[in-house]
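So the structure is just underneath, and the comments pick up after that.
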There are 2 protein chains.
Amino acid sequence: MAKIKYLEIYNDLKNKIDSKVYTFQQLLPSENTLVKHYDCSRNTVRRAIANLVSDGYVQTIHGQGVRVIYQELKQKEYLFGGIETFKESSIRNKNKYRTEVVFFTELTVDEEIEQLTSFPISTEIYYLQRVRYLDEKPLIIDYNYFRKDIVKDLTKEIAEDSIYEYMENELKENIITTKRMMTVEKINELDQTYLNLQDYNCVAIVTNFTFNADGVMFEFTQSRHTPDSFVFFEQAQRIK
Amino acid sequence: MAKIKYLEIYNDLKNKIDSKVYTFQQLLPSENTLVKHYDCSRNTVRRAIANLVSDGYVQTIHGQGVRVIYQELKQKEYLFGGIETFKESSIRNKNKYRTEVVFFTELTVDEEIEQLTSFPISTEIYYLQRVRYLDEKPLIIDYNYFRKDIVKDLTKEIAEDSIYEYMENELKENIITTKRMMTVEKINELDQTYLNLQDYNCVAIVTNFTFNADGVMFEFTQSRHTPDSFVFFEQAQRIK
DNA sequence: TGGTATTTGTCCGTATGTATC
DNA sequence: GGATACATACGGACAAATACC
């Protein structure tokens, strides 16, 4: 773990907000005070604060200070946000998770797949379908497309654990950027077979385009969520 | 309009990417080259680039350069993102928009409303319901709750145009931060009355908590979207 | 293989501007 | 008007990753 100053300050402040040392609507100590406290430059403090702003933890007010706007939400059973794997968020939410691979194959991108995924034609890919269980309830069906030249030697066993973990630990590939799109669509046969839909006739779909550290898109995934367990959080600043 | 250097550079680079001067997967000129070109410090260039990163336009690669990862998506009819008003995004997407206020009242926050909105009990608020039309198709029903002490003298007429415009232009209130939650829920009677749902039995719901420049939450809104015209975009970086 | 140049990442100090109290 | 606090901008130093010869 690198010892990066602005991240240490960021994490320290974040923890203090989480543990209510600084509470909702309160002002943080001024930048200059923090500079003295952490024995660093003002730029470094400001960088830490900028990260808290984009997390929706605080809001800066010109001439006044930095106000805490984070408050705990009494939360539903599941929560996504940022780039987090199913395994990671399950652990964070203290749930029992399980992934079942129901389909696994290799293919070459044709026109139809290119249209869907934006992978160039004739790229070699893995295509799989996975059902995600949380506390033994089937919540999500994933349709995964991975570039074979980047996600090398993928197996069913790896896919049942965590593909991202495999990539980061074994292949030393770093996932960096994800572009995501959310939509709602009618259910299909697979949804009906695997998911517990009650009487919903649609699913929430999250479509992911994922890029590695070289800026190459190596993954296209559509995740079909049962509506009643789907929550997605976001945080945005309005730029004048 | 303030003349802020890093925003000028940011916009210039963004335009060049949009207009394909720099194309998908290409490297931008190096920071030092850009420093010379824009006659500014390296920090300023880096700040512009940092903004492009968080927009999902580029990705920086240590020791190598800054790669463009933006590509146009052949898009559906409607698109949200960031804090953008219905009016703004309609204009951007070149559509005819219209808002109809179907309910307008003033209330005092009781326990039930506190539970829903997180407004403190006995806060004075405006409560309204609005139907949003795009090209004469009813796409969204908004349930808006505004603090009366901040959104002063709200009228039906203002609500049929743009409440945010009124706040920024007339009240000089600056909307700064929004926390957002997306869910999917069963349709209710109002949805059935006003929206064109075809045979969907659920709607996409975007719940907004909006804060002004003073860090005060002044708005709670639930927007119920017809599924077939709902698209939401997001962009995320994985932090190691 | 190794050394050098290039490029991005982190951090510092300082100066000036602008908004608030 | 003066003090305080955040915002923008500059310039420099060194580290780390990569590219190139």
Side-chain angles (χ1 to χ4, degrees), chain A residues 1-13 22 26-54 57-69 172-174 176-177 212-216 237-240, chain B residues 1-13 22 26-54 57-69 172-174 176-177 212-216 237-240:
Chain A
M1 199 60 67
K3 219 193 78 178
I4 292 169
K5 232 172 187 176
Y6 79 87
L7 285 181
E8 285 180 351
I9 298 172
Y10 162 82
N11 283 318
D12 191 50
L13 291 173
Y22 305 126
Q26 193 182 343
L27 292 180
L28 294 188
S30 77
E31 292 178 354
N32 283 324
T33 310
L34 293 172
V35 163
K36 283 171 203 151
H37 181 266
Y38 292 109
D39 188 30
C40 67
S41 76
R42 190 161 158 243
N43 278 336
T44 306
V45 164
R46 284 179 60 75
R47 194 159 175 189
I49 292 173
N51 278 297
L52 291 172
V53 169
S54 61
Y57 264 58
V58 301
Q59 180 168 291
T60 62
I61 308 169
H62 196 157
Q64 192 175 344
V66 179
R67 175 155 291 156
V68 177
I69 58 167
K172 309 295 176 201
E173 282 281 354
N174 294 315
I176 299 291
T177 303
N212 71 2
D214 296 326
V216 178
Q237 281 82 41
R238 185 170 179 88
I239 303 167
K240 298 284 293 184
Chain B
M1 199 59 68
K3 218 192 79 179
I4 293 169
K5 230 171 187 178
Y6 80 86
L7 286 181
E8 286 180 350
I9 298 171
Y10 162 81
N11 284 317
D12 190 51
L13 291 173
Y22 305 126
Q26 191 181 342
L27 292 180
L28 294 188
S30 79
E31 291 177 356
N32 283 324
T33 311
L34 293 173
V35 162
K36 282 171 203 151
H37 181 266
Y38 292 109
D39 186 31
C40 67
S41 74
R42 189 165 157 236
N43 277 335
T44 305
V45 163
R46 283 179 62 75
R47 192 156 178 192
I49 291 173
N51 278 296
L52 292 172
V53 170
S54 61
Y57 264 58
V58 301
Q59 182 169 292
T60 62
I61 308 169
H62 195 161
Q64 192 174 344
V66 179
R67 176 154 292 155
V68 177
I69 59 168
K172 308 295 176 201
E173 282 281 355
N174 294 313
I176 299 292
T177 304
N212 71 4
D214 296 326
V216 178
Q237 280 83 41
R238 185 170 179 87
I239 304 167
K240 297 281 294 182

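Within every chain, numbering begins at 1; the chains are lettered A, B, ... in the order of the sequence lines, protein sequences first and strands thereafter.
Among the nucleotides dC11(C), dA5(D), dA17(D), the one closest to any side-chain atom of S30(A) is dA5(D). Here the side chain of N32(B) is nearest to one of dT8(C), dT8(D), dC12(C), namely dT8(C). Closest to the Q64(A) side chain, of the nucleotides dT8(D), dG9(C), dC21(C), is dC21(C). For R42(A), the side-chain atoms get nearest to dA7(D) when compared with the rest of dT10(C), dA7(D), dT8(C). Distances were taken from every side-chain heavy atom of N43(B) (C-beta onward) to each of dA9(D), dC6(D), dC10(D); the shortest belongs to dC10(D).
Going from atom CD of E8(B) over to atom P of dT8(D) covers 13 Å, rounded to whole Å. Computed from coordinates, the L7(A) CG to dC11(C) P distance equals 8 Å when rounded to whole Å. One atom, CD1 of I4(B), and another, P of dA9(D), lie 6 Å apart when rounded to the nearest Å. Taking atom CD on E31(B) and atom P on dA5(C), their separation rounds to 20 Å, with Å as the unit. Rounded to a whole Å, the CG atom of N212(A) is 12 Å from the P atom of dT18(D). Between the P atom of dG9(C) and the CG atom of N51(A) lies a distance of 14 Å, rounded to the nearest Å. Rounded to whole angstrom, the span from the CG atom of D214(A) across to the P atom of dA17(D) amounts to 14 Å. We find that CG of L52(A) is positioned 13 Å from P of dC6(D), with the value rounded to whole Å.
Here Y6(A) does not reach the OP1 or OP2 of dC11(C): none of its side-chain N or O atoms lies under 4.0 Å away. Residue T60(B) places at least one side-chain N or O closer than 4.0 Å to OP1 or OP2 of dG9(C). The phosphate of dC12(C) has OP1 or OP2 within less than 4.0 Å of a side-chain N or O from T44(A). Dashed line: the shortest gap from a side-chain N or O of K3(A) to OP1 or OP2 of dT10(C) is not under 4.0 Å.
R46(A) contributes no side-chain N or O that forms a donor-acceptor pair with the base of dA5(D) under 3.5 Å. On a pure distance criterion of 3.5 Å, no polar donor-acceptor pair joins the side chain of H62(A) and the base of dA7(D). Residue side chain R47(A) does not reach the base of dG9(C) through any donor-acceptor N/O pair under 3.5 Å, judged by distance alone.
A heavy atom closer than 4.0 Å to some atom of DNA chain D occurs in no member of residues 33-40 of chain A.
With hydrogens and angles ignored, the 3.5 Å screen pairs a side-chain donor or acceptor of N11(A) with a backbone N or O of L7(A). Within the 3.5 Å criterion, the main-chain N or O of D214(A) finds a donor-acceptor partner in the side chain of N212(A). Between the side chain of N51(B) and the backbone N or O of S54(B) there is no donor-acceptor pair closer than 3.5 Å.
DNA chain C is contacted by both G63(A) and V66(B); V66(B) maps to the nucleotide lying nearer its 5′ end (nearest heavy atom per residue).
Contact annotation: the side chain of L34(A) approaches that of I49(A) to within less than 4.5 Å [non-hydrogen atoms, C-beta and beyond]. When side chains are defined from C-beta on, L13(A) counts as touching Y38(A), because their heavy atoms get closer than 4.5 Å. Contact annotation: the side chain of T44(B) approaches that of I9(B) to within less than 4.5 Å [non-hydrogen atoms, C-beta and beyond].
When each of L28(A), V58(A), V66(A) is tested with Y22(A) by the rule side-chain contact (heavy atoms from CB on, under 4.5 Å), just one qualifies, namely L28(A).
Residue-level contact check: I61(A) touches the backbone only, with heavy atoms under 4.0 Å from sugar-phosphate atoms and none from bases.
Here Q64(A) contributes atom CD and L27(A) contributes atom CG; the two are 6.0 Å apart, rounded to the nearest 0.5 Å.
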